Amino acid sequence: MTHSAPSQELFETCYRGRQSAIHHAAYMRVGKVFPALELLRKGCFPTEGRRVFDYGFGAGTFFRYLPKTYCIFGVEQDPVTVSEVTTMLEPRGFPVVDLRPISIPQWRDHPLLQQQYDLILCSHVLEHVPDPVELLRRLGDCLAPGGTFLGLLPVNELRANAHHFHRVDRVLVRKWVESAGLELGIYSEDDPWAYWIQPLYAEDSNNRFLVQGLSLLMGCTAVLAGPRNWTSLGRIFASISRSKPTQACFTASAP
């Protein structure tokens with residue numbers, strides 16, 4: 001299994017060294033966190049003493065919203081980002097923070113994939129790999145008894161993203177999950193806010209400053225509103241603007 005190399009190069013220029021609160025408020029980050037938080041709330045995921053593993057944690061924004069009782073584990077390709085996110089999390093009081101770089105050619109044998117977790121997050125990763133079923137099956141093996149897998153994926157893309165191997169919909173998600181030997185739990189599609197500007201995010205360079213400005217404006221507004229209010233306001237926005245959801249969010253578990 002390989003990840004698309006161009007997207008990793010783009011990642012390194014977007015997230016390295018950017019660990020301030022204002023950078024974490026950018027919509028390119030919180031927009032991928034709030035749907036996950038809402039799905040966890042709806043699923044009544046326990047808030048005490050959980051082991052959480054994030055496969056491809058990016059800038060680490062999801063970790064900032066977790067209860068301080070959680071034990072944090074995660075992998076990311078870029079060693080510099082791993083170090084920076086670890087440094088960001090150290091003063092936040094988590095009992096365990098174990099983040100490590102991962103080499104994709106040897107991903108199956110990574111030490112953190114030999115353990116079990118109560119919650120495994122895989123946010124905007126599956127669309128970047130040629131065989132999502134293989135990754136889902138391996139991560140499913142890492143679920144503790146009663147554990148939950150939480151996945152996020154882009155949907156309703158107006159313009160194809162050159163870094164994505166797949167265009168995702170509900171039927172494809174169910175097929176992946178069942179082929180991996182898992183059971184699909186909650187499935188929802190959310191976040192209409194970025195629908196009409198999605199083509200800007202699919203481009204690599206021409207509109208970088210415009211994208212960053214929109215991302216910061218939308219993200220700061222979302223943070224002020226909070227996940228629940230932002231989700232509710234999104235339904236109103238969608239009805240007015242005819243925007244479609246841009247993210248699929250689903251849970252899965254072992255049979």
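These numbers were taken from a predicted model, which means no experiment stands behind them. When reading the values below, keep in mind they use all heavy atoms of this one structure, side chains included, and skip hydrogens, waters and symmetry mates. Residues: numbered from 1 along the sequence shown.
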For this session: Show your reasoning for whether side-chain contact (heavy atoms from CB on, under 4.5 Å) applies to Ile120 and Cys142.
Result: CA-CA 8 Å; Ile120 296 177; Cys142 298; 3.7 Å; yes
For this session: Could you check Gln115 against Arg51 for side-chain hydrogen bond (donor to acceptor under 3.5 Å, both in side chains), going step by step and ending with a plain yes or no?
Result: CA-CA 10 Å; Gln115 302 184 35; Arg51 289 169 54 88; 2.8 Å; yes
Problem set entry | The single option from Leu153, Val133, Leu139 passing side-chain contact (heavy atoms from CB on, under 4.5 Å) against Leu126 | Leu153
Exercise. Salt bridge check: are Arg174 and Glu178 linked by an N-O gap of less than 4.0 Å?
Worked result: yes
Exercise. Ring centroid separation for Phe73 and Phe53, is it under 6.0 angstrom?
Worked result: no
Exercise. Should side-chain heavy atoms under 4.5 Å link Ile, Leu, Val, Met, Phe, Trp and Tyr, which residues sit in the same cluster as Leu216?
Worked result: Ile22
Problem set entry | Spacing of NE2 belonging to His24 relative to CZ belonging to Arg29, to within rounding of 0.5 Å | 5.0 Å
Exercise. Between His110 (side chain) and Val75 (backbone), is there a donor-acceptor pair under 3.5 Å?
Worked result: no
Just list the side-chain donor-acceptor pairs under 3.5 Å for residues 93-103, sequence neighbours left out, or say none.
{"residue": "Asp98", "atom": "OD1", "partner": "Arg100", "partner atom": "NE", "Å": "2.9"}
{"residue": "Asp98", "atom": "OD2", "partner": "Arg100", "partner atom": "NH2", "Å": "2.9"}
{"residue": "Ser103", "atom": "OG", "partner": "Gln106", "partner atom": "OE1", "Å": "2.8"}

For this session: Check for a donor-acceptor pair, side chain of Glu157 on one end and backbone N or O of Val168 on the other, with a separation under 3.5 Å.
Result: no
Exercise. Passes side-chain hydrogen bond (donor to acceptor under 3.5 Å, both in side chains), Gln247 versus Asp191? Steps please.
Worked result: CA-CA 6 Å; Gln247 297 189 73; Asp191 189 18; 2.9 Å; yes
Exercise. If you round to the nearest 0.5 Å, how far is OH of Tyr195 from CD1 of Ile197?
Worked result: 13.0 Å
Exercise. Are Ile186 and Leu150 connected, step by step, through hydrophobic side chains (Ile, Leu, Val, Met, Phe, Trp, Tyr) whose heavy atoms are closer than 4.5 Å?
Worked result: yes
Exercise. If you group Ile, Leu, Val, Met, Phe, Trp and Tyr by side-chain heavy-atom gaps below 4.5 Å, do Val223 and Leu217 land in one group?
Worked result: no
Problem set entry | Minimal non-hydrogen separation, Met88 against Arg64, with atom names | SD-NH1, 3.5 Å
For this session: Give the C-alpha distance, both sets of side-chain angles, the deciding distance and a yes or no for side-chain contact (heavy atoms from CB on, under 4.5 Å) between Phe250 and Arg170.
Result: CA-CA 9 Å; Phe250 69 96; Arg170 183 172 189 154; over 6 Å; no
Exercise. So, are Glu38 and Arg41 salt-bridged, with charged N and O less than 4.0 Å apart?
Worked result: yes
Exercise. Above 12 or not: heavy atoms from other molecules or residues under 6.0 Å from CZ of Arg228?
Worked result: no
For this session: Please confirm whether the backbone N or O of Pro245 pairs with a side-chain atom of Asn156, one donor and one acceptor, at under 3.5 Å?
Result: yes
Exercise. Should the ring pair Phe237 and Trp193 be called parallel, tilted or perpendicular, given that the plane angle runs from 0 to 90° and is split at 30 and 60?
Worked result: parallel
Exercise. Side chain of Gln198, backbone of Leu158: donor and acceptor closer than 3.5 Å?
Worked result: yes
For this session: Could you go through the ring-ring contact (aromatic ring centres under 6.0 Å, His included) check for Phe62 and Phe57 one step at a time?
Result: CA-CA 8 Å; Phe62 178 71; Phe57 56 77; over 10 Å; no
Exercise. Hey, any chance Trp196 and Tyr27 share a hydrophobic cluster, counting ILVMFWY side chains that come within less than 4.5 Å of each other, even indirectly?
Worked result: no
